[in-house]
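Lettering follows sequence order; numbering is per chain, from 1. Since the model is a prediction, treat every value here as computed from it, not as a measurement.
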Amino acid sequence: MPELPEVESYRRLGEAALHREVAEVVAPDTWFLKGGLTPEHLVGAVTGRTFDVSRRIGKLMLLDTDGGPTVGLRFGMTGRLLVDGHAGVDELEYSSVRDEPAWDRVTFRFADGGDLRIRDPRRLGGVLLDPDEGRLGVDALTVTPAGLRAALGASTAPLKARLMDQGRVAGVGNLIADETLYRAGLDPARPAGSLAPAELRRLHRALRATVSLLIERGGSHTGDLQQARRPGGTCPRDGTALLRRTVGGRTTWSCPRHQR
DNA sequence: ATTGTGGCCTGCCCGC
DNA sequence: TGCGGGCAGGCCACAA
């Protein structure tokens, strides 16, 4: 599903949509417009403008308009970005690759004939206008050791839940959380505030390395743990039968031997 | 304030 | 071959 690596791909793809006049905005699905946004408002705010910056904070993609508002794109777990018919990501775990125009929830048509579309079969994503960027924590790709320590704080919540709290650390989804904790050798259910300094350093290194690696490999589903994340799966590191649990309300796979 | 839970969305996969 | 029940998880509303 789109986690930080996919949205980073979408952000880069979005750069192909910059400096092109938006001639038409099509938003047929009002459910997909969030924060009280109406189709009329979105059309009026963006038509005739150009996008001049393509940004990303965590899993939120931001397109700044030239002198106007910022358009926020959320991809949920099944959303794709298409620019001029090209997809930002080929393969998407749990989603579909079918070319189904009915899944296009919002389309910005450019005066030159091309377009930028968000296509989401399950309608779990959304489009916002001027989203509150302050609600998001520090981006997982650039978080510092001190930033991570502050994000975890003295919390008694499960480590994994805190890592996935977008208001603390932005961009970590279920697959990256499992992969990061696997690499760091930490039990997802540990209280977030219980990490010793050495464990915190390990977690920080693992988080940064995991996010960078998965961007390089091309998706959040390309982690080493991913292929073993299934019934009967064994730890790629030591061969132990993996443990499947619900932690922080999410399906969680971990190695009971080396994740402590 | 913090933490936990349930519901929403719907395509897809599995078993009958 | 068709059908129905689970399942996936990001996000939000709500409860304790």
**OP:** Would you please name every residue forming a side chain to side chain contact (heavy atoms under 4.5 Å, CB included) with A:Thr47, sequence neighbours left out?
**Re:** A:Val25, A:Val43
Original post:
Listed by chain and number, what are the ring pair (Phe, Tyr, Trp, His ring centres under 6.0 Å) partners of A:His41, not counting sequence neighbours?
Top reply: none
**OP:** For C:dC11, take OP1 and OP2 only and decide whether either is under 4.0 Å from a side-chain N or O of A:Lys59.
**Re:** yes
**OP:** Map A:Leu60 and A:Arg244 onto DNA chain C by nearest heavy atom, then report which one ends up closer to the 5' terminus.
**Re:** A:Arg244
Original post:
Does anything in residues 177-195 of chain A pair up under salt bridge (Lys or Arg N to Asp or Glu O under 4.0 Å), and if so which pairs, sequence neighbours excluded?
Top reply: A:Lys160-A:Asp178, A:Asp178-A:Arg229, A:Glu179-A:Arg183, A:Arg183-A:Asp224, A:Asp187-A:Arg245, A:Arg190-A:Glu199
**OP:** Keeping to residues at least two apart or across chains, list the side-chain hydrogen bond (donor to acceptor under 3.5 Å, both in side chains) pairs with something in residues 66-76 of chain A.
**Re:** A:Asp64-A:Thr70
I'd like a table of atom pairs between the protein and nucleotides 4-10 of chain B - only N or O on both sides, under 3.5 Å - with the distance next to each one.
from   : atom 1 : to       : atom 2 : distance (Å)
B:dC9  : O3'    : A:Arg123 : NH1    : 3.2
B:dT10 : OP1    : A:Arg123 : NH1    : 2.4

**OP:** Could you tell me whether the phosphate oxygens of C:dC12, OP1 or OP2, come under 4.0 Å of any side-chain nitrogen or oxygen in A:Arg74?
**Re:** yes
Subject >> Neighbour count above 12 (heavy atom, 6.0 Å) for A:Glu216 CD >> reply: no
N/O contacts under 3.5 Å, protein versus nucleotides 14-16 of chain C?
none

**OP:** May I ask you to test the A:His204-A:Val143 pair for a side-chain heavy-atom distance under 4.5 Å?
**Re:** yes
Original post:
Taking only residues two or more places apart in sequence or in another chain, which ones pass side chain to side chain contact (heavy atoms under 4.5 Å, CB included) with A:Gln259?
Top reply: A:Leu181, A:Tyr182, A:Pro188, A:Ser254, A:Cys255
**OP:** Go through the structure and list residues passing side chain to side chain contact (heavy atoms under 4.5 Å, CB included) with A:Asp139, not counting sequence neighbours.
**Re:** A:Leu4, A:Arg56, A:Leu141, A:Thr142
Original post:
How long is the line joining CG of A:Asp165 and C1' of C:dG9, in whole Å?
Top reply: 16 Å
Original post:
Does anything in residues 125-137 of chain A pair up under side-chain hydrogen bond (donor to acceptor under 3.5 Å, both in side chains), and if so which pairs, sequence neighbours excluded?
Top reply: A:Arg55-A:Glu133
Original post:
Of the residues in residues 131-146 of chain A, which ones touch DNA chain C at a heavy-atom distance under 4.0 Å?
Top reply: A:Arg135
**OP:** Figure out the CG/C1' separation between A:Leu4 and C:dG10, and round it to whole Å.
**Re:** 14 Å
Subject >> Integer-rounded Å distance: C:dA13 P and A:Gln166 CD >> reply: 15 Å
Original post:
A:Met164 CE to C:dA8 P: how many Å, rounded?
Top reply: 13 Å
Subject >> For A:Ser54, side chain to side chain contact (heavy atoms under 4.5 Å, CB included) partners two or more places apart >> reply: A:Arg11, A:Glu15, A:Leu18, A:Met61, A:Leu63
Subject >> Protein-nucleotide distance (A:Glu179, atom CD; C:dG9, atom P), rounded to Å >> reply: 14 Å
Kindly list each side-chain donor-acceptor pair under 3.5 angstrom involving residues 148-157 of chain A, sequence neighbours excluded, with atom names and distances?
from     : atom 1 : to       : atom 2 : distance (Å)
A:Ser155 : OG     : A:Ala157 : N      : 2.9

Original post:
How many Å lie between CD1 on A:Ile176 and C1' on C:dG9, as a whole number?
Top reply: 13 Å
Original post:
At under 4.0 Å, does any side-chain N or O of A:Thr251 touch on OP1 or OP2 of C:dG9?
Top reply: yes
